[in-house]
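The structure appears right after this line, and notes come after that.
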Amino acid sequence: MSKRFFMTTAIDYPNSRPHIGTAFEKIGADAQARFQRMLGNEVFFLMGNDENTVKVAKRAEELGQDPKAYCDTMADQFKEVWRALDLSFTDFIQTSEERHHKGCQAFIQKVKDNGHIYKGSYEGWYCNGCESFKSDRELDGNQCCPTHNAKAVRRQEPCWFFALSTFREKLLDFYRENPDFIQPESRHNEVLNLVETELKDVNITRSGETWGIRVPFDPEFTIYVWFDALLNYITAIGYGFDESLFSKWWPADLHVIGKDITRFHCALWPAMCMAAGIATPKRVFGHGFVHHKGEKMSKTIGNVVEPMDLLKEVGPDAFRYYFLRECPYPGDGDFSYRRFIEVYNADLANNLGNLYSRVVGLIGRNFGGALPPMETPTCWLGVMTRQEIVEIWTGHMEGLRYNQALQLLWAEVLVPANQHADKMAPWSLVKTDLSAAALVLRDLVEPIRVVSILLKPFLPKVAQTLYESFSFDQAWDRITPAHASQFAQSPGELRVLAPTENGKVKPLFPRLQAKAENET
RNA sequence: CGCGGCGUGGAGCAGGGGUAGCUCGCCAGGCUCAUAACCUGGAGGUCACAGGUUCAAAUCCUGUCGCCGCAACCA
């Protein structure tokens with residue numbers, strides 16, 4: 001039953017701090033990692049930074065720092081944000097690390113030995129100011145570089161090519177045999193189109209750089225961005241220096257990436273794997289982007305939102321909830337502070353939080369904090385059975401349709417529970433028929449239990465708090481989705497373990513007041 | 001005619017031949033255990049536009065307009 005699950009996120013450029021879009025990717029990946037662990041799988045969840053780029057070296061130079069020191073500082077800043085978001089990564093790789101350099105060199109040598117790399121020359125428009133080649137899109141109508149306002153020059157230089165074009169048929173076969181490789185399915189055509197029509201050999205080296213990974217068979221060159229970056233997925237698990245670790249985890253079960261880099265992961269990367277003679281990854285998921293008040297976030301517009309302020313205000317769980325509930329993972333979503341407040345208050349404070357408060361409060365004040373052992377079996381309040389809910393929930397989790405998984409819990413579990421409370425009015429019943437009231441309350445605790453379990457991948461802290469507020473039998477860290485699918489018989493009384501004051505609990509999610517026309 | 005996607009009440013989405021549905025917001029009422037919460041009801045849409053097929057079209061077909069994605073380094 002238990003198996004291994006190796007998953008990754010895209011590695012990030014450390015030349016600026018992470019924004020909420022970057023965070024969106026990581027949160028969604030983390031929910032998957034936690035879901036897989038709940039299923040009993042052994043999970044390796046890899047994250048990291050992409051450091052061998054010219055931009056990084058330049059930025060370090062501007063700051064008068066050694067590039068490696070600069071990378072380490074930035075990596076610490078990234079990790080600080082990731083920990084604040086409660087991301088449960090197993091390892092964080094920096095591509096400036098020795099293990100990555102070693103693995104990369106072993107890989108490129110292997111691909112060379114297998115005959116898929118050849119020497120050629122690259123010709124293109126070169127901006128002396130940027131010290132780099134520019135694509136047509138990067139230049140304005142007069143072949144001028146917009147940042148330096150200088151004419152780009154035609155330049156030719158020797159380089160090494162990866163013979164990507166020779167993999168066309170193999171890739172097309174691969175997609176045919178693995179129709180679920182590219183997700184969401186809507187990206188499938190895009191990649192097919194690319195592979196069928198414009199799969200060209202790629203330049204994988206640069207010359208004249210001091211920062212980066214040397215090409216082992218021609219040391220005046222360094223390995224160029226993508227060929228290096230993608231390899232973090234295997235160098236982190238020992239490729240080239242720890243065969244047993246590598247064979248334990250490879251191939252990857254899931255690469256979580258942004259939709260913009262689908263092509264590299266769905267075409268270049270499997271071809272690279274084929275060229276090196278290693279297995280191809282099983283699945284690539286390209287998630288959507290987060291916009292800010294309807295606008296695309298961009299550094300030049302200056303509307304990027306950094307996560308830390310909001311995170312400090314509302315904590316990781318509410319932060320995670322917003323993005324996973326409000327932004328469909330496969331598609332684009334929108335963030336605004338105003339909307340955040342609405343969603344937070346409606347779903348977390350008013351619905352989930354308040355159900356919890358009213359139920360615990362009633363048990364606290366009328367039953368001394370413990371419901372007596374039940375003789376009559378309790379009933380399930382929703383229209384769907386627990387089994388049906390868990391089944392649908394599981395399908396959504398496997399497809400990374402987090403917003404639908406969450407929507408399901410609110411519509412089928414929490415809303416019916418609040419409605420039941422209102423209909424049965426245990427606060428009145430308690431005056432006339434105490435045991436009937438106890439039964440009603442037991443029926444209201446059950447949805448809280450079910451929801452706390454199914455929220456575990458989303459709200460790591462709050463789900464645990466919810467669950468451990470009651471004396472359920474199963475230990476929290478051993479909980480599986482199956483535990484949510486049926487009623488947990490409790491032999492004795494059901495006690496409230498949450499700390500209470502005058503029968504009241506501290507609100508899980510205190511309501512937020514919208515700051516007048518606030519930004520963020 | 002490069003390929004592909006999308007246009008549904010204020011916002012975000014679902015529905016894919018037969019009284020147009022959900023969440024949030026808004027308005028009114030109920031209730032009062034609870035975080036001024038919860039519950040019930042209501043207003044608000046000629047389902048982008050124009051043709052066509054059909055007894056019947058948001059749903060199928062054709063065309064038009066608009067928006068967006070991809071075309072090698074932006075999560």
Side-chain angles (χ1 to χ4, degrees), chain A residues 9-13 18-26 28-29 50 53-55 132-133 135-138 164 186-194 196-200 202-203 224-230 256-264 267-268 286-290 294 296-300 304 325-328 331-334 336 338-339 342-343 345-366 403-404 407 410-411 415 417-423 425-430 437 441 444 503-512:
Chain A
T9 58
I11 51 176
D12 300 299
Y13 291 130
H19 54 77
I20 57 175
T22 330
F24 181 51
E25 169 173 308
K26 315 307 175 193
D50 183 7
T53 69
V54 187
K55 280 180 191 170
S132 67
F133 282 98
S135 67
D136 291 342
R137 294 178 82 197
E138 288 173 297
L164 178 59
S186 56
R187 302 252 153 243
H188 206 103
N189 280 340
E190 221 171 279
V191 175
L192 280 189
N193 190 35
L194 160 82
E196 277 167 0
T197 64
E198 48 186 320
L199 200 67
K200 290 186 292 210
V202 287
N203 175 5
Y224 195 31
V225 187
W226 276 107
F227 209 82
D228 149 14
L230 287 163
V256 175
I257 57 160
K259 62 182 182 179
D260 55 328
I261 52 177
T262 310
R263 53 186 43 238
F264 305 112
L268 175 60
H287 63 76
F289 287 164
V290 176
K296 195 167 180 172
M297 274 192 287
S298 96
K299 285 165 201 162
T300 42
V304 293
R325 170 64 185 85
E326 194 58 16
C327 308
D332 293 347
D334 193 58
S336 71
R338 174 189 285 270
R339 181 68 187 151
E342 277 178 14
V343 171
N345 281 339
D347 293 359
L348 297 178
N350 297 353
N351 202 319
L352 172 62
N354 189 53
L355 176 68
Y356 169 76
S357 292
R358 65 202 306 209
V359 169
V360 170
L362 284 162
I363 297 173
R365 265 170 289 100
N366 297 292
N403 63 323
Q404 293 186 48
Q407 192 176 2
W410 262 255
V415 169
N418 270 317
Q419 288 171 344
H420 187 72
D422 206 65
K423 186 174 145 209
W427 47 89
S428 307
L429 206 52
V430 109
L441 287 170
L444 292 173
K504 291 193 172 194
V505 282
K506 201 175 133 216
L508 279 182
F509 295 102
R511 281 178 65 85
L512 296 173

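Since the model is a prediction, treat every value here as computed from it, not as a measurement. The chains referred to below are lettered A, B, ... by the order of the sequence lines, with proteins before strands, and numbering in each begins at 1. Side chains included, hydrogens not; waters and symmetry mates left out as well; all remaining heavy atoms used.
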Any strand counts, and the cut-off is 3.5 Å on both contacts for Watson-Crick or G-U wobble. Which nucleotide pairs with [N]?
| N | answer |
| --- | --- |
| A56(B) | none |
| G42(B) | C26(B) |
| A48(B) | U64(B) |
| A20(B) | none |

Looking at [X], does any N or O in its side chain come under 4.0 Å of the phosphate oxygens OP1/OP2 on [N]?
| X | N | answer |
| --- | --- | --- |
| Lys55(A) | C74(B) | yes |
| Gln404(A) | A14(B) | no |
| Asn350(A) | C38(B) | yes |
| Arg263(A) | C70(B) | no |

From C-beta outward on [X], which listed nucleotide comes closest to its side chain: [options]?
| X | options | answer |
| --- | --- | --- |
| Asn193(A) | G2(B), A72(B), U35(B) | G2(B) |
| Gln407(A) | A75(B), C22(B), C33(B) | C22(B) |
| Arg511(A) | U35(B), C33(B), C3(B) | U35(B) |
| Glu190(A) | C38(B), G69(B), U23(B) | G69(B) |
| Asn189(A) | C38(B), G2(B), G4(B) | G4(B) |
| Trp427(A) | A72(B), C38(B), U32(B) | U32(B) |
| Asn354(A) | C38(B), A75(B), C24(B) | C38(B) |
| Ala346(A) | G2(B), A72(B), C24(B) | C24(B) |

Find the distance [X]:[atom1] to [N]:[atom2] and express it as a whole number of Å.
| X | N | atom1 | atom2 | value |
| --- | --- | --- | --- | --- |
| Asn345(A) | C26(B) | CG | C1' | 16 Å |
| Leu192(A) | C3(B) | CG | C1' | 11 Å |
| Asp260(A) | A71(B) | CG | C1' | 14 Å |
| Lys200(A) | A71(B) | NZ | C1' | 9 Å |
| Asn203(A) | A72(B) | CG | P | 14 Å |
| Lys259(A) | C70(B) | NZ | P | 7 Å |
| Arg187(A) | C6(B) | CZ | P | 13 Å |
| Trp410(A) | A14(B) | CH2 | P | 20 Å |

Between [M] and [N] - [atom1] atom distance, rounded Å:
| N | M | atom1 | answer |
| --- | --- | --- | --- |
| A11(B) | U64(B) | C1' | 28 Å |
| C1(B) | A58(B) | P | 35 Å |
| A75(B) | G25(B) | C1' | 30 Å |
| C60(B) | G69(B) | P | 25 Å |
| C70(B) | G52(B) | P | 38 Å |
| C47(B) | G10(B) | P | 13 Å |
| G45(B) | U53(B) | C1' | 26 Å |
| C61(B) | G16(B) | C1' | 14 Å |

**Request:** Classify the angle between the aromatic ring planes of Phe264(A) and Trp226(A) as parallel (below 30°), tilted (30 to 60°) or perpendicular (above 60°).
**Result:**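 Correct class here is parallel.
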Would you mind classifying the nucleic acid contact of [X] as base, sugar-phosphate or nothing, using non-hydrogen atoms under 4.0 angstrom?
| X | value |
| --- | --- |
| Val430(A) | nothing |
| Val202(A) | base |
| Leu355(A) | nothing |
| Phe289(A) | base |
| Gly353(A) | base |
| Asp334(A) | nothing |
| Leu164(A) | base |
| Gly258(A) | sugar-phosphate |

**Request:** Starting from the 5' end of RNA chain B, give me the residue, Asp422(A) or His287(A), whose nearest nucleotide shows up first.
**Result:**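 Final value for this comparison: Asp422(A).
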**Residue closer to the 5' end of RNA chain B, Tyr13(A) versus Tyr356(A) (nearest nucleotide)** =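 Upstream on the strand: Tyr356(A).
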**Request:** Kindly give the heavy-atom pair with the smallest separation between Leu355(A) and Ala417(A), and that separation in Å.
**Result:**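 Taking every non-hydrogen atom into account, CD2-CB, 3.8 Å.
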**Asked** Thr9(A) and Lys26(A): which non-hydrogen atoms are nearest, and at how many Å?
**Response**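 The pair with the smallest heavy-atom distance is OG1-NZ, 3.5 Å.
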Could you check whether any side-chain N or O of [X] sits under 3.5 Å from a backbone N or O of [Y], counting only pairs where one atom can act as donor and the other as acceptor?
| X | Y | answer |
| --- | --- | --- |
| Asn366(A) | Leu362(A) | yes |
| Lys55(A) | Tyr13(A) | no |
| Arg358(A) | Asn354(A) | no |
| Glu326(A) | Val343(A) | no |

**Prompt:** If you round to the nearest 0.5 Å, how far is CG of Leu230(A) from CD1 of Ile261(A)?
**Reply:**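 If I round to the nearest 0.5 Å, the distance is 8.0 Å.
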**Request:** Begin with the C-alpha distance, continue with both residues' side-chain angles, and end with the deciding distance and a verdict on side-chain contact (heavy atoms from CB on, under 4.5 Å) for Glu190(A) and Leu194(A).
**Result:** CA-CA 6 Å; Glu190(A) 221 171 279; Leu194(A) 160 82; over 6 Å; no
